[in-house]
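Here the structure comes first, spelled out in structure tokens, and everything after it is commentary.
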Amino acid sequence: MPGMDRISELPESLLSQILSYIPTKESVQTSVLSKRWENVYLSVPGLDLNCSVIPNYNADEVILSFLSFIDKLLEFSPESSLFKVTVKCRGMLIDGFSDRIGTVIDRGTQQLDVVSSTDYYEDSFGHALPGVDFMPMNLYTSKTLVYLKLTSSGLGDPGFVFMPCLRFLHLEEIKWRVHLEKVLSGCPVLEELTLVRDLDDDDYARTDEEFRVMRVRSQSLKRFSVLPLREARDYHSRVECTLEIDAPGLEHMSLGDDQFDSIVVKKLPSLLVVELDIKFFVKVGVLFNTWDVSKSNEIREFLNGISSVRDMIISGMTVHAFEHYSKAGIIPKFNNLSRLQAVFHGKLLQFLPAFLECCPNLKHLILKVLHPEEMDEGLELADVPRCVSSTLECVEIQEKLELEEGKMKATSYFLGNSAMLKKLILSPTAYDPRNVAESEICEMITPAGDANPIDGSSFVMSGRDWISELPESLLTQILSYLPTNQSVQTSVLSTRWKNLYLSVPGLDLNCSLIRYDADEVFLTFIDKLLEFSPESSLFTVKVKCRDTMIDGFKDRIGTLINRGTHHLDVESSIYYFEDDNSLYPIVDMMPMNLLTSKTLVYLKLSSSGLMDPGFVSMPCLKFMHLEEVKWRVHLEKLLSGCPVLEELTLSRDMDDDYARTDEEFRVMRVRSRSLKRFSVLPLRQFLPAFLECFPNLKHLLLSQSQFLGCLDND
């Protein structure tokens with residue numbers, strides 16, 4: 001607003017909350033704006049300090065000024081809480097700064113994120129040794145911390161640990177003087193733990209044998225991750241270390257990089273998801289000898305410990321390890337695994353059937369094939385594991401798109417052998433669909449000399465029409481994603497396809513394509529669709545009528561509803577052709593059985609008419625979208641028959657003469673106990689009316705002024 005400082009007029013509590021979203025250095029700079037802003041930054045309920053900006057010249061003087069500034073921040077309103085504190089220390093240690101962090105913790109901090117100093121000093125022999133920036137001891141007894149992230153920090157042994165509210169703990173390259181097990185024992189509600197080892201372990205950890213094992217023991221832990229190192233290393237740690245995991249409630253585990261020499265899992269009965277990007281190195285870059293009985297047993301026990309998972313994600317490095325270890329019979333059966341995401345390099349693709357044999361109940365496979373040019377010449381995937389032939393329902397393949405005979409091995413394998421397959425998704429890795437025009441894609445999949453593969457010949461790979469050999473149920477499911485006029489066109493491909501479109505479990509009709517002299521032909525076609533297999537359901541029905549009404553089409557919609565439709569989307573006609581070839585406006589009324597459908601879950605009507613049926617009962621309807629509807633029944637009555645309705649969208653019809661002249665339609669009452677989301681869409685015109693709202697609503701969107709008033713009848 002010209003001449004007015006609206007922001008400065010906001011309450012101080014709101015201004016300080018706004019400043020909490022920017023770094024402390026920037027919030028301090030607002031103090032020069034005006035007298036009103038002079039001390040607002042001191043009331044911000046948090047700190048975000050980047051000490052790396054402190055220069056090294058005149059170090060003592062600058063550091064004293066910096067610490068004085070921190071003391072001023074902490075002394076102002078000492079009874080208020082600092083809920084969120086982020087500190088990035090510079091490379092050089094700042095004496096006394098750890099004490100200030102202790103004061104911050106005592107101010108009721110809930111979220112603390114510290115990147116500590118990593119300055120090096122020389123010992124008496126001239127060796128460069130890292131300085132350890134230790135956290136204050138009161139950290140371990142904070143009663144308010146919920147989130148704690150420490151990077152390059154030192155953790156001393158406090159003797160006693162109790163953080164009753166801590167739920168998220170992230171420890172990256174920590175210098176340990178206290179056992180991880182002891183820290184976790186004092187976190188009774190911890191849900192998520194993330195670790196990154198310090199591969200340049202300090203001398204203390206190198207010489208102390210008791211720090212050679214890191215034990216993750218927690219009854220409350222639900223998610224545990226070992227993140228990849230921030231920088232790639234070409235060497236292994238000089239300190240051997242074992243990771244031991246004992247967490248009965250753990251649901252998600254992610255292990256990245258070979259940061260530990262061995263991994264031991266004990267009690268993981270709740271584990272659902274595991275992500276593996278490890279190779280179980282003995283030495284960096286060297287897999288263990290499969291004749292090493294001790295190492296074989298160690299890896300076998302680890303894999304047995306995670307064998308109950310339902311969802312597994314494995315990297316190309318882990319697939320390589322599994323292929324190596326399979327020769328020693330180490331890979332167990334993953335009997336509960338239903339979803340697998342894996343990366344296979346081309347040269348290891350021959351291991352795919354053997355690995356899938358270990359997943360007998362797999363339903364969903366996401367497969368990425370890298371470097372297919374590395375595949376052995378003449379590679380054939382002959383073996384068909386149990387899951388491929390009996391349980392696999394969905395396969396997503398990322399594979400380089402090659403139409404030459406013998407290429408796309410993984411795609412051909414699943415098309416030819418998956419008896420239960422319902423969905424096959426191909427994502428060509430050689431092309432990014434965001435950057436490739438549709439015409440280029442068509443050129444890649446159209447046989448040479450054939451400009452239209454649909455009207456010409458079907459796409460054939462390796463001399464065989466794989467798609468036509470799919471089960472009929474899968475083919476009709478594929479056709480259900482096409483408009484009905486396109487699925488009908490497939491009937492000319494071959495005898496196999498002649499009547500497939502008649503079995504599609506849905507309709508998507510665009511009647512605007514129907515010529516005015518072809519109404520009878522069109523209705524005959526619809527009757528043929530409806531009479532074929534009349535006992536089967538039409539789950540999804542979408543109809544876009546042309547502007548002029550087709551006599552008798554409303555009755556067909558009634559028949560569609562009786563076929564167990566779950567999803568109905570109708571855009572109605574708005575004109576009628578009279579014998580004098582003149583156009584007159586008309587109300588295209590929906591059939592009465594619509595309002596007593598026992599199966600509808602989603603209903604969208606545009607420009608349709610709704611009569612009063614006397615009785616409304618749609619027990620399954622959860623989503624209703626009514627756009628420019630002609631009302632002959634009260635909205636309140638309609639909603640009363642929808643006991644589980646969750647989402648309602650309205651857009652008024654400003655040209656409904658009936659509603660204009662009838663006083664009782666001047667109020668639209670939205671009354672529903674179950675409704676969670678309500679929206680009024682924008683319109684082009686305006687006509688006054690009243691809208692009454694309702695209890696239990698969680699989301700309300702009113703776009704433009706379509707109503708004179710909105711009454712909240714809570």
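Please read all numbers here as calculations on a predicted model, not as lab measurements.
- With 3.5 Å as the limit, one finds no donor-acceptor pair spanning the side chains of Thr490 and Ser487.
- Judged purely by atom type and a 3.5 angstrom limit, Thr565 has no side-chain atom pairing as donor or acceptor with the backbone of Val541.
- Residues Leu675 and Glu647 come closest through the heavy atom pair CD1-N, 3.7 Å.
- Gly316 and His345 make their closest contact through CA-CD2, 4.3 Å (heavy atoms, listed as atom of the first residue, atom of the second, distance).
- Judged by distance alone, the side chain of Ser142 and the main-chain N or O of Leu145 form a donor-acceptor pair under 3.5 Å.
- Side-chain contact between Tyr501 and Leu482 is absent, with no heavy-atom pair separated by less than 4.5 Å.
- Using a cutoff of 4.0 Å between basic side-chain nitrogens and carboxylate oxygens, Lys222 and Glu251 are not scored as salt-bridged.
- Dense packing is recorded around NZ of Lys182, with more than 12 heavy atoms of other residues, nucleotides or ligands lying under 6.0 Å away.
- Ser491 places no side-chain N or O within 3.5 Å of a backbone atom of Asn499 that could act as its donor or acceptor partner.
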Might you work through the side chain to side chain contact (heavy atoms under 4.5 Å, CB included) test for Leu479 and Leu475, ending with a clear yes or no? CA-CA 6 Å; Leu479 292 182; Leu475 290 175; 5.6 Å; no
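- Atoms OG1 and CG, from Thr540 and Asp569 in turn, are 10.0 Å apart once rounded to the nearest 0.5 Å.
- Annotation: the span from Glu191 atom CD to Ser218 atom OG amounts to 10.0 Å, rounded to 0.5 Å.
- Within a 6.0 Å sphere centred on NZ of Lys333, other residues, nucleotides and ligands contribute more than 12 heavy atoms.
- Considering only heavy atoms from C-beta on, Leu180 comes within 4.5 Å of Leu195 through its side chain.
- The side-chain heavy atoms of Leu367 and Phe414, taken from C-beta on, include a pair separated by under 4.5 Å.
- By the 4.5 Å heavy-atom criterion applied to side chains, Leu169 and Leu184 are counted as neighbours.
- Judged by distance alone, with hydrogens and angles left aside, the side-chain atoms of Asp508 form no donor-acceptor pair with the main-chain N or O of Thr484 at under 3.5 Å.
- Between Leu243 and Phe224, some side-chain heavy-atom pair lies under the 4.5 Å cut-off.
- In this structure, the side chain of Ser270 engages the main chain of Pro248 through a donor-acceptor pair within 3.5 Å.
- A distance-only check finds no donor-acceptor pair linking the side chain of Thr391 to the backbone of Lys363 [under 3.5 Å].
- Side-chain contact check for Val343 versus Ser315: every heavy-atom pair is 4.5 Å or farther apart.
- Between Val189 and Ser220, the shortest heavy-atom distance links the atoms C-OG, 3.5 Å.
- In this structure, Ser308 OG and Ile306 CD1 are separated by 9.0 Å, a value rounded to the nearest 0.5 Å.
- Annotation: side chain of Arg217 is in contact with side chain of Glu244 (closest heavy-atom distance under 4.5 Å).
- Within a 6.0 Å sphere centred on CD of Gln486, other residues, nucleotides and ligands contribute more than 12 heavy atoms.
- Side-chain atoms of Asn361 and Arg386, non-hydrogen and from C-beta on, do get closer than 4.5 Å to each other.
- No more than 12 heavy-atom neighbours from other residues, nucleotides or ligands sit within 6.0 angstrom of CZ on Arg310.
- Note that CD1 of Ile245 and CG of Leu271 are 9.0 Å apart. Values are rounded to the nearest 0.5 Å.
- Taking all atoms of both residues into account, the shortest heavy-atom contact from Phe355 to Leu340 is CE2-CD2, 3.6 Å.
- The two atoms that bring Leu190 and Phe168 nearest to each other are CD1-N, 3.9 Å, heavy atoms only.
- Note that the CZ atom of Phe160 and the OG atom of Ser185 stand 9.0 Å from one another [nearest 0.5 Å].
- Of the candidates Lys423, Glu393, Glu396, His364 forms a side chain to side chain donor-acceptor pair (under 3.5 Å) with just one, namely Glu396.
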Show your working on side chain to side chain contact (heavy atoms under 4.5 Å, CB included) between Leu276 and Phe322 and close with a plain yes or no. CA-CA 11 Å; Leu276 298 178; Phe322 280 1; 4.1 Å; yes
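- Of all the heavy atoms in Ala247 and Leu268, the pair that sits closest is O-CD2, 3.5 Å.
- The structure places CG of Asp113 at 5.0 Å from NZ of Lys149, a figure rounded to the nearest 0.5 Å.
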Output, in order, the C-alpha distance, side-chain angles, deciding distance and verdict of side chain to side chain contact (heavy atoms under 4.5 Å, CB included) for Leu250 and Val216. CA-CA 11 Å; Leu250 192 66; Val216 178; over 6 Å; no
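- Inspection of the Ser225 and Thr194 side chains reveals no N or O donor paired with an N or O acceptor under 3.5 Å.
- Remark: the His252 side chain and the Glu275 side chain contain an N/O donor-acceptor pair separated by less than 3.5 Å.
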Ile330 vs Ser296, side chain to side chain contact (heavy atoms under 4.5 Å, CB included): CA-CA, chis, key distance, verdict: CA-CA 7 Å; Ile330 289 176; Ser296 295; 4.0 Å; yes
